[in-house]
Amino acid sequence: MAEGASTIRHVSENMPEINAISYANGQLGLLDQTSLPAESRVVWTNDYREVIRSVQALRVRGAPALGVVAAYAVVMAAEHIEAPSRDEFLSRLREAGAEIANARPTAVNMGWAVERMLKVANLHGDLPAVRAALLVEAQTLQQEDEDANRTMGGHGAGLLPEGGGVLTHCNTGALATAGYGTALGVIRAAWEGGKRFNVFATETRPVMQGARLTTWELVQLGIPATLIVDSAAGLLMRSGEITCVITGADRIAANGDTANKIGTYALAVLAREHGLPFYIAAPTSTVDLSIASGEGIPIEERDASEVTGFREVRTAAEGISARNPAFDVTPCQYIHAVVTEQGVSRPPYSESLDLAVRAGMGGRSVGLDD
Ligand code: MRU
């Protein structure tokens, strides 16, 4: 049997699905992404403030996954709020929701999920009914995200080349979502559909989501891939080994400007210089039509210790100062297409993303490639 044929079977049939987020008996279970790939351990909590700490420590990360845990954090907050009246309960739930939504500022999915949960809380009269409805809503949101990723994979697979090399950045797979993944989901869908190309994954300095998490997922998927340092991308584009780039997104403004993991903008500029397509894959929950352009997207600045060392090991000289912006914004003119669960949006994004978001809210999917 040809080598490729056995790999297809491995990818589509034998792949154990990675489950980063579980909820059972009032407890949220998070596969601790800070200890991967060395150790797979799940941390459980019923405390929404502990969830916020896990989000900030990157035990769970990736925009769609953050939306799902934000929803369960609202469920847990609602379970523990004691209030003399429904109004007082809702007011305290809104306060908890604001804490949750602000845990990390760049990924819009947290605020999006909290808003959706608070709307549901407002619809119900007595507290047991509110609590029950919140749990159903969080479970629905989780399932919808996984479904959106699988659909997105189908829409995006046609964009990837037969042959050549596809570069991805950060981690956008099952770990970063409710399941399947966004950009990595598109890569997976193309592989499952029988396309063959080389996959390149960046390390993704400073906390190595690519080296630790994307490689871990790709090895389990049985998709051969090559890890590169972030700064090798230019060389491999120039040599013709990388022929296309696809990444995820943390927030997409109405005009298509896209915030994603630091280094994405540099990859988009390099892709333009080498005449290569640069794609974004993200669910419509990551599109923020309330922000006109990337200038309005808040950029998280994380602790400098992530740059001056890795885990407990100091790598930089004592006394040096460091900057650690965790995201950058790629202007829309560098982006050839944005893949969502509604289809493939092309420029001008102010029109096509608006259509995609409205289609996701129950309208018809019109004006989009499928
Ligand atoms: O800091 P992180 O690891 O949360 O950053 C994640 C990313 O930038 C991802 O590319 C993005 O959230 C898309 S996840 C499907």
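Only this structure's heavy atoms are used, side chains among them; waters, hydrogens and symmetry mates stay out. Order of listing sets the numbers, starting from 1, for every ligand and every atom in it. Here, residue 1 is the first one in the sequence, and each next residue gets the next number.
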**Message:** Here's a test for you: under salt bridge (Lys or Arg N to Asp or Glu O under 4.0 Å), which of E17, E192, E341 qualifies with R150?
**Reply:** E17
**Request:** Quick one: look at T182 and ligand 1, take heavy-atom pairs under 4.0 Å, and tell me if it's side chain, backbone, both or neither.
**Result:** side chain
**Message:** Using a 4.0 Å cut-off to any heavy atom of F327, which atoms of ligand 1 qualify?
**Reply:** 1 (O), 5 (O), 8 (O)
**Prompt:** Is P64 in polar range of ligand 1, meaning some N or O pair under 3.5 Å apart?
**Reply:** no
**Prompt:** Relative to ligand 1, is H169 under 4.0 angstrom through side chain, backbone, both or neither, heavy atoms considered?
**Reply:** neither
**Item:** R61-Q33 side chain donor-acceptor pair, cut-off 3.5 Å
**Value:** yes
**Request:** Give a yes/no verdict on whether any heavy atom in A326 is under 4.0 Å from an atom of ligand 1.
**Result:** no
**For A178 against N149, the heavy-atom pair lying closest together** = N-ND2, 4.4 Å
**Asked** Which option out of T204, D250, T258 puts a heavy atom nearest to atom 11 (C) of ligand 1?
**Response** D250
**Prompt:** Can you tell me which residue and heavy atom of the protein come closest to atom 4 (O) of ligand 1, and the distance to 0.1 Å?
**Reply:** R104 NH1, 2.8 Å
**Request:** Check L276 against I242 and note the closest heavy-atom contact, atom names and distance.
**Result:** CD1-O, 3.3 Å
**Message:** Please compare A249, P283, A176, C170 and report which has the shortest non-hydrogen distance to atom 6 (C) of ligand 1.
**Reply:** C170
**Prompt:** Is the number of heavy atoms from other residues, nucleotides or ligands within 6.0 Å of CD (E162) greater than 12?
**Reply:** yes
**Asked** Which atoms of ligand 1 are found less than 4.0 Å from any heavy atom of A63?
**Response** 12 (O), 14 (S)
**Request:** Give a yes or no on whether a salt bridge exists between R251 and E300, defined as a side-chain N under 4.0 angstrom from a carboxylate O.
**Result:** no
**Asked** For Q209 and ligand 1, does the shortest N/O to N/O distance drop below 3.5 Å?
**Response** yes
**Message:** Less than 3.5 Å apart, any donor N or O on the side chain of Y23 or Q142 sitting next to an acceptor on the other?
**Reply:** no
**Fill in**
Residue, atom and distance of the protein heavy atom nearest atom 5 (O) of ligand 1 read K261 CE, 3.3 Å
**Request:** Using non-hydrogen atoms of the residue, decide whether N260 is closer than 4.0 angstrom to ligand 1.
**Result:** yes
**Message:** Tell me whether R53 at atom CZ has more than 12 heavy atoms from other residues, nucleotides or ligands lying less than 6.0 Å away.
**Reply:** yes
**Asked** Side chains of T258 and N260: is there a donor and an acceptor less than 3.5 Å apart?
**Response** no
**Request:** Considering the heavy atoms of T172, write down every atom of ligand 1 situated less than 4.0 Å from one of them.
**Result:** 10 (O), 15 (C)
